[in-house]
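Everything on this sheet refers to the single structure shown next.
Keep in mind that the numbers below use all heavy atoms, side chains included, and drop hydrogens, waters and symmetry copies. First the proteins, then the strands, lettered A, B, ... as listed; each starts at 1.
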There are 2 protein chains.
Amino acid sequence: MSMKKAKMMLESKDIRPSFQRMKIYKLLMETKEHPSVETIYNELKEEIPSLSKMTIYNTLKLFVEKDLARLITIEENEARFDADTSVHGHFKCLKCGCVIDFPVEETKLPAPGNGFTVDNIDFFVRGTCPGCRN
Amino acid sequence: MSMKKAKMMLESKDIRPSFQRMKIYKLLMETKEHPSVETIYNELKEEIPSLSKMTIYNTLKLFVEKDLARLITIEENEARFDADTSVHGHFKCLKCGCVIDFPVEETKLPAPGNGFTVDNIDFFVRGTCPGCRN
DNA sequence: TACTTTTTTGGAATAGATACAATTTTTTTT
DNA sequence: AAAAAAAATTGTATCTATTCCAAAAAAGTA
């Protein structure tokens with residue numbers, strides 16, 4: 001993803017496109033592994049030596065508020081982020097640790113019932129991936 | 001739940017029924033709010049002044065391994081536990097903070113696909129509960 | 001009772017996340 | 001363009017949930 005595209009995405013959500021924010025968003029779009037703050041920090045600190053983890057925390061919090069990213073919990077104790085904000089499932093292999101997205105039709109999901117307003121859905125499955133079964 | 005019943009439940013899963021373990025299991029069964037380690041500690045420390053949080057951590061980890069409890073993530077950064085190990089959904093109201101269980105038919109849930117073995121399903125929904133909509 | 005294993009306990013250490021104030025950068029005003 | 005104001009970034013100190021570890025206590029076995 002180009003920096004120009006990242007800039008447009010941020011602006012479309014009323015987020016000022018600072019260099020750090022654009023870089024973080026770009027990385028989030030290009031990385032399929034739902035990186036953690038630590039991962040993002042390690043990826044970007046070479047290019048932006050002054051980068052502070054606080055900036056990453058602030059930025060990701062802002063992205064989540066503005067619906068530009070989703071917070072997902074793969075392991076307790078570490079927040080992971082996903083630039084795909086649509087409803088979809090996450091599968092984690094307990095053997096190799098890989099995380100795979102899979103499609104989910106929102107209309108086919110069970111709902112808590114009448115009277116509940118749904119803002120956010122997390123569907124998370126753990127098990128063994130095809131590669132590790134062999 | 002009686003201590004005798006708690007003891008039987010532990011023994012059925014090959015867990016030695018120490019006093020602390022029985023008390024923790026009993027509390028977990030009687031509490032619908034999916035308590036955290038901190039909550040369990042505060043609830044039990046009066047009756048068991050010597051109780052250590054480490055015991056609670058160890059015990060819950062053992063329960064989860066032996067399929068006597070489930071680890072659920074309601075808020076990132078704090079583990080919560082559920083004595084109901086069957087597949088069911090959790091709804092969290094973003095206004096009042098209440099957590100409500102709701103039934104889910106496992107056969108109707110989307111699956112990651114052929115070739116995947118499923119061990120564990122988490123279905124978590126956030127939004128507004130009927131009480132808070134009024 | 002003596003010996004072995006298991007469980008519990010508490011204090012120190014770890015790691016992710018937050019609070020906060022000082023800089024730096026950007027935007028607005030003059 | 002310079003000054004002032006606002007916003008973003010940074011580093012340090014701190015917090016909190018969790019884990020590590022080794023000693024003490026309890027339970028089980030001979």
Starting at [atom1] of [X] and ending at [atom2] of [N], how long is that distance when rounded to a whole Å?
X       : N      : atom1 : atom2 : answer
B:Ile40 : C:dT8  : CD1   : P     : 14 Å
B:Ile24 : C:dT7  : CD1   : P     : 13 Å
B:Arg16 : C:dT5  : CZ    : P     : 11 Å
A:Met54 : C:dC20 : CE    : P     : 11 Å
A:Phe19 : C:dT24 : CZ    : C1'   : 15 Å
A:Ile56 : D:dG11 : CD1   : C1'   : 14 Å
B:Gln20 : D:dA27 : CD    : C1'   : 12 Å
B:Ile48 : C:dG10 : CD1   : C1'   : 16 Å

Checking A:Arg133, A:Lys95, A:Arg126 against B:Thr117 for side chain to side chain donor-acceptor pair (under 3.5 Å), the one that qualifies is A:Arg133
Tell me which nucleotide among [options] gets nearest to the side chain of [X].
X       : options               : value
B:Asn58 : C:dT27, C:dT9, C:dT7  : C:dT9
B:Arg21 : C:dT8, D:dT10, D:dT18 : C:dT8
B:Ser50 : C:dA17, C:dT27, C:dT9 : C:dT9

Is A:Lys53 salt-bridged to A:Glu38, going by a charged N under 4.0 Å from an acidic O?
yes
Salt-bridge contact B:Lys32-B:Asp101 (side-chain N to carboxylate O under 4.0 Å):
no
Can you tell me the pairing partner of D:dA24 across any strand shown, Watson-Crick or G-U wobble, with both distances under 3.5 angstrom?
C:dT7
Below 4.0 angstrom from OP1 or OP2 of D:dT10, is there any side-chain N or O of A:Thr55?
yes
Please tell me if A:Ser18 has a side-chain N or O lying less than 4.0 Å from either OP1 or OP2 of D:dT9.
yes
Contact class for A:Ser36 (heavy atom, under 4.0 Å): base, sugar-phosphate, or nothing?
nothing
Judged by each residue's nearest nucleotide on DNA chain C, which is more toward the 5′ side, B:Lys53 or B:Ile15?
B:Ile15
Are a donor atom and an acceptor atom from the side chains of A:Thr73 and A:Arg80 found within less than 3.5 Å of each other?
no
For a side-chain contact (heavy atoms from CB on, under 4.5 Å) check, start with the C-alpha distance between B:Phe123 and B:Phe102, then their side-chain angles and the critical distance, and finish with the verdict.
CA-CA 10 Å; B:Phe123 187 51; B:Phe102 63 93; 3.8 Å; yes
